[in-house]
2 protein chains.
Amino acid sequence: MADVKSGPNPLFLREEDLRQGIELLFYAYRDFTAEPDAMLAKIGLGRAHHRVVYFVGRYPGINVTELLGILQITKQSLARVLGDLVAQEYIAQRAGTKDRRQRLLTLTEKGQELERTLSDAQRARIAQAYRAAGAAAVEGFRTVMLGIIDAEDRAKFQPPGPGKR
Amino acid sequence: MADVKSGPNPLFLREEDLRQGIELLFYAYRDFTAEPDAMLAKIGLGRAHHRVVYFVGRYPGINVTELLGILQITKQSLARVLGDLVAQEYIAQRAGTKDRRQRLLTLTEKGQELERTLSDAQRARIAQAYRAAGAAAVEGFRTVMLGIIDAEDRAKFQPPGPGKR
DNA sequence: ATTTTACGTCAGCCATGTTGACTTATTTCT
DNA sequence: AGAAATAAGTCAACATGGCTGACGTAAAAT
């Protein structure tokens with residue numbers, strides 16, 4: 001590969017490159033959350049509710065311990081928002097069949113609708129960015145993002161390969 | 001192109017691809033902020049203080065209105081954390097010379113040290129991810145992240161080109 | 001039978017966002 | 001010169017969403 005001057009050389013990382021990376025994350029996250037936050041405010045819910053609804057939608061039948069592991073918050077913090085969501089019938093709970101201590105969480109119809117409404121803005125944003133960037137850029141994006149994420153959670157993003165789960 | 005099952009095709013965006021994008025942002029931001037948050041807690045400060053210190057370090061002499069524009073929070077929210085930082089001498093204020101109503105903000109020595117300590121963990125995380133991913137992936141990462149960010153703020157990331165600022 | 005686990009709950013605290021109203025100093029506009 | 005707009009600060013009150021600590025109950029595992 002020739003010495004292309006516009007091409008970045010991340011193996012020769014400058015302070016400025018790293019600052020830019022930090023800022024990309026700050027601005028992207030800020031804008032990424034702004035739309036659903038505004039919708040949530042109208043129905044008296046917050047970002048924490050969105051996260052719960054999102055992950056319950058993603059992993060139907062997830063139990064409380066698993067959800068806590070994803071969100072990395074305390075049981076008490078989760079209890080508050082989960083309580084709201086169950087009371088307002090966005091989320092249904094049922095006892096585990098194998099382990100009856102567990103509360104398996106699923107979205108109700110109403111919850112699915114909420115999840116879709118909230119995340120649609122985010123999906124649209126991602127879709128637009130992906131389309132504008134092209135397939136190769138998307139692959140690079142994924143690779144870098146995975147590198148930023150703690151190793152323990154990278155497995156979640158592996159395609160269903162040799163692993164049994 | 002053949003029907004390669006592992007190859008992504010972002011022009012043919014599947015629900016799953018978009019979900020993955022949402023999750024990459026969630027996990028990356030979660031892990032990206034965890035280390036500085038833990039350091040901040042030890043000295044009685046929070047993430048909001050970090051953001052202020054970061055951007056004052058990035059734009060020395062920035063005024064309050066500009067900082068509010070970046071953070072997208074209210075003046076009152078900023079006042080609290082900025083007040084702490086000035087009181088504890090992480091940040092110095094001086095009146096603008098051209099417009100004496102402005103308070104221009106700069107980091108003190110102590111503030112610079114704090115900024116460096118806090119952001120070093122983040123810089124290291126970015127650097128490691130960039131190095132592991134390679135130059136092409138980094139370029140793709142930048143492109144996609146810019147696509148996610150609201151158009152108004154994309155200009156901040158343009159290299160000092162034709163524009164006068 | 002004991003211990004551990006999964007979950008829930010009460011009580012209180014802190015950080016960080018919000019709105020609304022108002023003041024002061026300075027600059028800009030007419 | 002006088003009026004209006006702007007930059008910044010401030011007071012008060014409130015909501016959200018984290019946190020710790022302590023304790024309870026049911027079910028599973030040892």
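These figures come from a predicted structure and were not determined experimentally. Residue numbers start from 1 in every chain, and the chains themselves are labelled A, B, ... in the order their sequence lines are given, proteins ahead of strands.
Residues passing the salt bridge (charged side-chain N to carboxylate O under 4.0 Å, His left out) test with A/R30, sequence neighbours excluded: B/D153. Under the salt bridge (charged side-chain N to carboxylate O under 4.0 Å, His left out) criterion, B/R116 pairs with A/E15, B/D120, not counting sequence neighbours. Under the side-chain hydrogen bond (donor to acceptor under 3.5 Å, both in side chains) criterion, A/Q20 pairs with B/R142, not counting sequence neighbours. Looking at residues two or more places apart in sequence or on another chain, you find no salt bridge (charged side-chain N to carboxylate O under 4.0 Å, His left out) involving B/R100. Annotation: ring-ring contact (aromatic ring centres under 6.0 Å, His included) contacts of B/F26 (sequence neighbours excluded): A/F55. In terms of the salt bridge (charged side-chain N to carboxylate O under 4.0 Å, His left out) criterion, B/D31 has no residue partners (sequence neighbours excluded). When the side-chain hydrogen bond (donor to acceptor under 3.5 Å, both in side chains) test is applied to B/Y29, no partner is found at least two apart in sequence or on another chain.
A straight line from CG of A/L40 to P of C/dG17 spans 17 Å, rounded to a whole angstrom. One interatomic measurement links the two molecules: CG of B/D37 to C1' of D/dG17, which rounds to 13 Å at whole-angstrom precision. Atom CG in A/D84 sits roughly 12 Å away from atom C1' in D/dA15 (whole-Å rounding). The separation between A/R80 atom CZ and C/dC14 atom P is 15 Å, rounded to whole Å.
Figure legend: cation-pi geometry between B/R125 and B/Y130 absent, as NZ or CZ is not positioned both under 6.0 Å from the six-membered ring centre and within 45° of its axis.
Counting only N and O atoms by type, the side chains of B/H50 and B/T33 include no donor and acceptor under 3.5 Å apart.
Using a 4.0 Å cutoff on non-hydrogen atoms, the parts of residues 42-53 of chain B near DNA chain C are B/G46, B/R47, B/A48, B/H49, B/R51, ordered by number. Scanning residues 85-103 of chain B for heavy-atom distances under 4.0 Å to DNA chain C yields B/K98, B/D99, B/R100, B/R101. Residues from residues 69-78 of chain A placing a heavy atom under 4.0 Å of any atom in DNA chain C, listed by number, are A/K75, A/Q76.
The residues B/R58 and A/E23 are annotated as salt-bridged, a charged nitrogen and a carboxylate oxygen being separated by less than 4.0 angstrom. Checked for salt-bridge contact, A/E115 and A/R123 meet the test: a charged N lies under 4.0 Å from a carboxylate O.
Counting heavy atoms from C-beta outward, B/L67 and B/L105 have side chains that approach closer than 4.5 Å.
Over its length, the helix from C/dA1-D/dT30 to C/dT30-D/dA1 turns its helix axis by 30°, as judged from the five terminal pairs at each end, rounded to 10°.
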Give every donor-acceptor pair under 3.5 Å between a side-chain atom in residues 84-95 of chain A and any protein atom, sequence neighbours left out.
from: A/D84; atom 1: OD2; to: A/H49; atom 2: NE2; distance (Å): 2.8

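When distances are taken from the side chain of A/V81 to each of D/dG17, C/dC7, D/dT10, the shortest belongs to D/dG17.
Between B/N63 and the phosphate of D/dA7, there is no side-chain N or O to OP1/OP2 separation shorter than 4.0 Å. Distances shorter than 4.0 Å separate some side-chain N or O of B/T65 from OP1 or OP2 on D/dA8.
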